[in-house]
Structures are given as structure tokens and as C-alpha cells.
Amino acid sequence: MALVTMKEVMADSLRRALDKNIDPKERYAVGAFNFSTIPEMVGIVEGAREKNAPVILMLSLGALKYIGSLELVADAAKGIARQYPEVPMVLHLDHATDLDMIKHAVTVGFTNVMIDASQESFEINIEKSREIAEFAHDQSPRGKFGCSVEAELGMLAGHEDNISVSEEDAGKAYTDPALVPEFVEKTGIDALAVAIGTAHGFYKAAPKIRFDLLEEIRKATDIPLVLHGGTGVPDEDFKKCVAMGMSKINVGTGLKKVYTDAVREAIKVLPETEYDPRKIVGPGRKAIAEEIASKCDLFNATGKAKAVMQELYR
Ligand code: G3H
Ligand code: ZN
């Protein structure tokens with residue numbers, strides 16, 4: 001099957017998030033995972049396939065710089081989607097700030113883009129996010145489905161490629177639920193990234209998630225909510241976020257460590273005469289697949305590929 005938009009892949013999760021009568025245990029979030037190489041993309045999809053779960057492949061600006069081309073990534077993702085037709089998957093450009101680059105990603109086949117103007121004023125954030133939403137919904141080669149768009153309101157602490165926010169600044173900039181309806185309505189975005197106490201990168205101390213804010217934000221809009229900074233969030237906090245209606249959870253840094261640890265271990269145990277890169281980085285791909293499979297369980301996304309497909313063909 002072809003790549004699908006994030007809007008499509010999260011429709012079932014959103015329906016459950018908004019259903020007040022549903023048992024919260026029936027809710028789930030779709031995992032979104034950063035990669036820097038094509039084998040990592042494959043590892044992510046293999047983990048999702050093992051659990052019959054939908055998945056979102058995320059390209060950061062740093063990874064884009066390393067790989068070198070949006071086209072290359074889009075073509076690789078399209079090929080992977082053909083090879084794993086049973087996995088509903090999305091190709092997402094993460095935390096992008098350059099409007100022309102984002103538009104380029106839409107035209108080459110990314111099925112979700114994130115415009116991150118969260119460090120700008122509320123008005124400029126609206127303006128830029130709306131420009132991308134209008135472009136992505138109209139111009140994408142994905143025909144009538146277009147390409148969906150995520151934007152961020154509030155600021156996450158930590159470092160993500162070209163965006164750095166100190167903990168002090170981020171503390172002042174949780175997502176304000178009162179601004180959410182206006183932001184969503186004026187921008188026309190498809191998903192909202194929220195700042196509720198998580199941060200990018202490893203935590204020095206366990207994050208204090210503002211579940212009170214999450215509850216208010218969930219009530220303030222009917223579009224899917226996105227949790228960034230998934231590395232190091234305690235399992236119980238993830239489960240609570242999911243039960244409260246979070247639809248997408250981003251994990252990046254921790255996955256890099258899983259991959260690198262496996263490669264380090266392989267180098268340690270292999271004889272020095274071994275030079276086949278497949279034996280050295282292959283365990284990294286396998287470790288990523290295992291990590292994704294366990295995240296699918298944690299986010300309750302295991303077994304949900306079918307529900308996503310049903311929603312697609314509804
Ligand atoms: O957008 C990417 C994520 O928010 C990843 O955050 O590196 O802290 O897991 P993380
Ligand atoms: Zn993020």
C-alpha cells in the first residue's frame with residue numbers, strides 16, 4: 001500500500017480519543033520514530049509489522065542534512081511502503097522551519113510535515129502554519145488526500161537540530177489551552193504538538209507532565225494531539241497520556257542509543273577480521289525493530305493496523 005497521511009493514520013485513534021463513552025484502555029497512540037539511515041527506516045517498519053501496528057517515520061533536519069536529499073528519503077519510504085503493504089505508514093518531516101523546504105517535501109511525497117514556528121509570536125506561528133496547511137492540502141501529489149500538517153503551540157525544552165530552548169524558557173511556554181481553538185481554526189492544521197512538560201533529549205530528572213493541561217487541551221480541540229520528547233518518559237506517564245487522548249508520540253534520542261548500543265556490542269564481540277558492515281550495523285536494525293515492537297505495546301498500538309485500514313476505506 002502507498003504511504004498514507006498522518007491524518008488518515010490517526011483517524012481511528014482520534015475517534016477513540018474524542019469518544020467520552022469509550023473505556024480509556026481502548027485508546028492508543030501511533031508511534032513516530034526518528035531515523036538517520038535507510039536501514040533504520042526498515043527496522044522501524046519491521047517492528048511495527050511484527051505488532052500489526054501503524055507507524056510514522058520521522059525525518060529530522062539533522063538526518064536530512066546527513067542523508068542529503070528529501071527525494072531520496074521519499075523514494076525510499078515509498079519503496080518500503082510497497083514492500084510492507086500490511087503496515088499503514090506515514091513519512092513525516094519533523095520540526096521544519098523553512099517554508100520553502102517544507103513545500104518541497106510536500107511535492108516530493110512526504111505525507112505529513114511539521115511546521116515548527118513555536119518560537120515565533122502567536123500571530124506569526126498562525127501565519128506560517130496556515131501557509132503550510134493551505135499548500136500541503138492543495139498541492140500534494142497525494143491527490144484528494146493531500147499531505148497533512150502538524151504545528152506546535154508552546155515550546156518544548158531541549159535541543160532539536162536548529163531549535164534550542166532552555167528549560168527556563170520552556171517552563172514559561174506550556175501550551176495555553178485558551179489559545180488552542182483560535183490556533184487550530186485559523187491555521188487549518190491536522191494535528192497539534194503540545195508542550196506539557198516533556199523535553200527533547202535525555203532528561204536530567206524525570207519529567208513532570210502537566211496532565212491538567214493535557215485534559216484542558218484535549219477538551220479545547222477535536223484534532224489529534226502529539227507528544228514530543230518521548231525519550232525517557234516513564235511508562236506510566238505514557239499510558240496516562242494515551243488514556244487521556246494523545247494520538248501520536250514522538251521518540252528520537254532513545255532510539256539512537258538503542259541502535260548505537262547494539263552496534264557497539266557487535267563490534268565488541270566480532271573478531272577484528274570481520275569487516276562486513278551488515279554484521280556490524282545489522283544488529284542495530286534488529287535492535288530498533290525490537291524497540292519499536294515494545295513501544296507499540298506501550299502505546300497500545302499493537303493490533304491496530306486493521307482498524308486504521310478500515311478507517312481508510314470507510
Ligand atoms: O520530534 C522528535 C521528538 O520529539 C523526539 O524527542 O529525542 O526526546 O525522543 P526525543
Ligand atoms: Zn520533537
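Both ligands and their constituent atoms are indexed starting at 1 by order of listing. What you see is a predicted model; the values in this text were computed from it and never measured. These numbers come from the heavy atoms of this one structure, side chains and all, not from hydrogens, waters or symmetry mates.
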(request) Let me know which of Asp12, Asn300, Thr302 forms a side-chain hydrogen bond (donor to acceptor under 3.5 Å, both in side chains) with Tyr28. (result) Asp12
(message) Which atom name does His95 have for its N/O/S atom nearest to the Zn ion (ligand 2)?
(response) NE2
(request) Write the atom name of the N, O or S atom in His228 that is nearest the Zn ion (ligand 2). (result) ND1
(request) Report, as yes or no, whether the 6.0 Å neighbourhood of atom NZ on Lys186 holds more than 12 heavy atoms from other residues, nucleotides or ligands. (result) no
(request) Count the heavy atoms of every other residue, nucleotide or ligand shown that sit under 6.0 Å from NZ of Lys7, and state whether that count exceeds 12. (result) no
Those atoms of ligand 1 less than 4.0 Å from some heavy atom in [X]:
X	result
Thr253	7 (O), 8 (O), 9 (O), 10 (P)
Asn34	2 (C), 5 (C)
His95	1 (O)

(request) Decide whether the shortest distance between a heavy atom of Gly230 and an atom of ligand 1 is less than 4.0 Å. (result) yes
(request) Could you tell me if any non-hydrogen atom of Ala199 lies under 4.0 Å from any atom of ligand 1? (result) yes
(request) Apply side-chain contact (heavy atoms from CB on, under 4.5 Å) to Lys240 and list each qualifying residue two or more places apart in sequence or on a separate chain. (result) Phe211, Met244
(request) Apply side-chain contact (heavy atoms from CB on, under 4.5 Å) to Ala243 and list each qualifying residue two or more places apart in sequence or on a separate chain. (result) Pro24
(request) Using a 4.0 Å heavy-atom cut-off, say whether Leu156 meets ligand 1 through its side chain, its backbone, both or neither. (result) neither
When you compare ligand 1 with [X], is there at least one nitrogen or oxygen pair between them that comes in under 3.5 angstrom?
X	result
Asp94	yes
Met58	no
Gly201	yes

(request) Give the cluster check for Val226 versus Leu18: same hydrophobic cluster or not, with ILVMFWY residues linked at side-chain heavy-atom distances below 4.5 Å. (result) no
(message) Test of understanding: clusters of I, L, V, M, F, W, Y form through side-chain heavy atoms closer than 4.5 Å, transitively. Do Phe299 and Leu225 belong to the same one?
(response) yes
(message) Whether Lys128 and Glu131 form a salt bridge (side-chain N of Lys/Arg under 4.0 Å from carboxylate O of Asp/Glu) is what I want to check.
(response) no
